[in-house]
2 protein chains.
Amino acid sequence: MPALPKTSDEAVIRAARVVLERDGAAGFSMQAVATAVGVRAPSLYKRFPDRDALLQTVAEDAARDLGARMVVADRAASTPAALTAMARAYRAFAHQAPHAYGLLFSASTPPSVEARAAAAAPVLQRLASLVGARQKLRAARLVTAWLHGFVSMELAGAFRLGGDVDGAFDYGLATLIAAAAATSRAPAGRRAGS
Amino acid sequence: MPALPKTSDEAVIRAARVVLERDGAAGFSMQAVATAVGVRAPSLYKRFPDRDALLQTVAEDAARDLGARMVVADRAASTPAALTAMARAYRAFAHQAPHAYGLLFSASTPPSVEARAAAAAPVLQRLASLVGARQKLRAARLVTAWLHGFVSMELAGAFRLGGDVDGAFDYGLATLIAAAAATSRAPAGRRAGS
DNA sequence: ACCTGAACACCGTTCAAGT
DNA sequence: ACCTGAACACCGTTCAAGT
């Protein structure tokens, strides 16, 4: 007599995200997730090999979400406008789900390389159209590094010297887009400022 | 009859850093630290209130180390040269002590605001001399966000699309320094590209 | 098939007792 | 003063037994 499933992979992942945002990555427990979906902790091991695997699945899920938001933000007229919209959507996602965001670049349970690449794809494409395929990777690393750095420092409370943080974000974004665009007009291989 | 101390705060912190780099933040255990200094775990609670307090002390220690390296790198002729040297020293520190570096911007056990500020002070000062006091905070947030983002994405394995990562670092650094310097020549309050 | 209670290992932490 | 063993709570994980 097969036992009726009391939950599903999707429900577990959804509950795990709620628990993660409530308790943080360090406080994240299988018991809390199990309680949230109405089963006992051992049942979760029928669906996920261990806690890290569940956290990694949550990371993949979050990466997918982020990618979807990038796609929506990408529906903008000009390339600079689309890049600005995507950067703001990226930051908004991190503010809404800080612990899931933290998983995206975690040492222990990062999402798969493919999941990360998929989330970043829209940005890459817009940058390619801005700076050309040749400079694309460099420009992407410049912009995404700044974006991740800004957002994660902000989440870590590292911007506490006062001042206008929103303004600093807009300033950084505009400066970077302008700098990347300027680089594309320079001879290939040249490094700005050197 | 007083019992002879078998260890010291400093020895515990030193051992904790070794254990941290070996086992990672998630795997970091009081037992491992205790074993490393030759006592039993309960003894550590005479020195540090709990595991998080020990990790936070390690974060402070790491911030101090990083600050010291910044000061050394700051002994350079020109301001752009000093900024380049500091950025490279920063990245080298993160490569040498990735888990201690991770603590510097962690959600659960960050260093004190003062410790972080002290480590960043030399960079702030050089940027002030480059862009003026008025633009200092913005420029600092631009540069440190990129720096932290680049380094932490690198550590998280997010730069796996190939290409020259060292080159991307030099390119980003030169681009940012040039962009920050250019901004300082624009009217105050103006945002580049807008 | 999926769920459960019981059990085990491991860790953080407390505390009374040792020197 | 500082150290220790014993104990407790809590969690991850396994597994035999239930339906």
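Just so it is clear, the values below take in all heavy atoms, side chains as well, and ignore hydrogens, waters and symmetry mates. Naming: A, B, ... by sequence-line order, numbering from 1 per chain.
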- Interatomic distance, B:Q31 CD vs C:dG12 P [rounded to whole Å]: 6 Å
- Would you write the dot-bracket representation of DNA chain C, where each base gets (, ), [, ], | or . depending on whether it forms a Watson-Crick or G-U pair under 3.5 Å and with which partner? ||.|||||...|||||.||
- Message: Between P on C:dT13 and CG on B:L54, what's the gap in Å once rounded to a whole number?
- Response: 10 Å
- Using atom CG of A:L55 as one end and atom C1' of D:dT13 as the other, report the distance to the nearest whole Å. 15 Å
- Does B:T57 use its side chain to pair, donor to acceptor, with the backbone of B:A53 at less than 3.5 Å? yes
- Item | Residue pairs involving residues 112-123 of chain A (criterion salt bridge (charged side-chain N to carboxylate O under 4.0 Å, His left out); sequence neighbours excluded) | none
When you compare the protein's N or O atoms with those of nucleotides 4-7 of chain D, which come within less than 3.5 Å of each other, and at what distance?
from	atom 1	to	atom 2	distance (Å)
D:dT4	OP1	B:K6	NZ	2.6
D:dT4	OP2	B:R40	N	2.9
D:dT4	OP2	B:S43	OG	3.0
D:dG5	OP2	B:R40	NE	3.1

- side chain to side chain contact (heavy atoms under 4.5 Å, CB included) involving B:T79 - partner list, sequence neighbours excluded: B:L83, B:R126, B:S129, B:L130
- Ring geometry between A:Y101 and A:Y90 (parallel below 30°, tilted from 30 to 60°, perpendicular above 60°): perpendicular
- Go through D:dC3, D:dT13, C:dC11 for me and flag the one nearest to the B:S29 side chain. C:dC11
- Atom CG of A:L4 to atom C1' of C:dA1: distance rounded to whole Å? 10 Å
- Query: For B:D9, which of B:R14, B:K46, B:R47 qualifies under salt bridge (charged side-chain N to carboxylate O under 4.0 Å, His left out)?
  - Reply: B:R47
- Atom CZ of B:F48 and atom P of C:dT14 are separated, to the nearest Å, by 15 Å
- Query: Can you check whether A:G163's main-chain N or O pairs, donor with acceptor, with B:R138's side chain at less than 3.5 Å?
  - Reply: no
- Query: salt bridge (charged side-chain N to carboxylate O under 4.0 Å, His left out): which pairs involve residues 77-96 of chain B, sequence neighbours left out?
  - Reply: B:R88-B:D170, B:R91-B:E154, B:R91-B:D166
- Rounding to a whole Å, what distance do you find between A:Y45:OH and D:dC11:C1'? 8 Å
- ring-ring contact (aromatic ring centres under 6.0 Å, His included) against B:F150, all qualifying residues, sequence neighbours excluded: B:W146, B:F159, B:F169
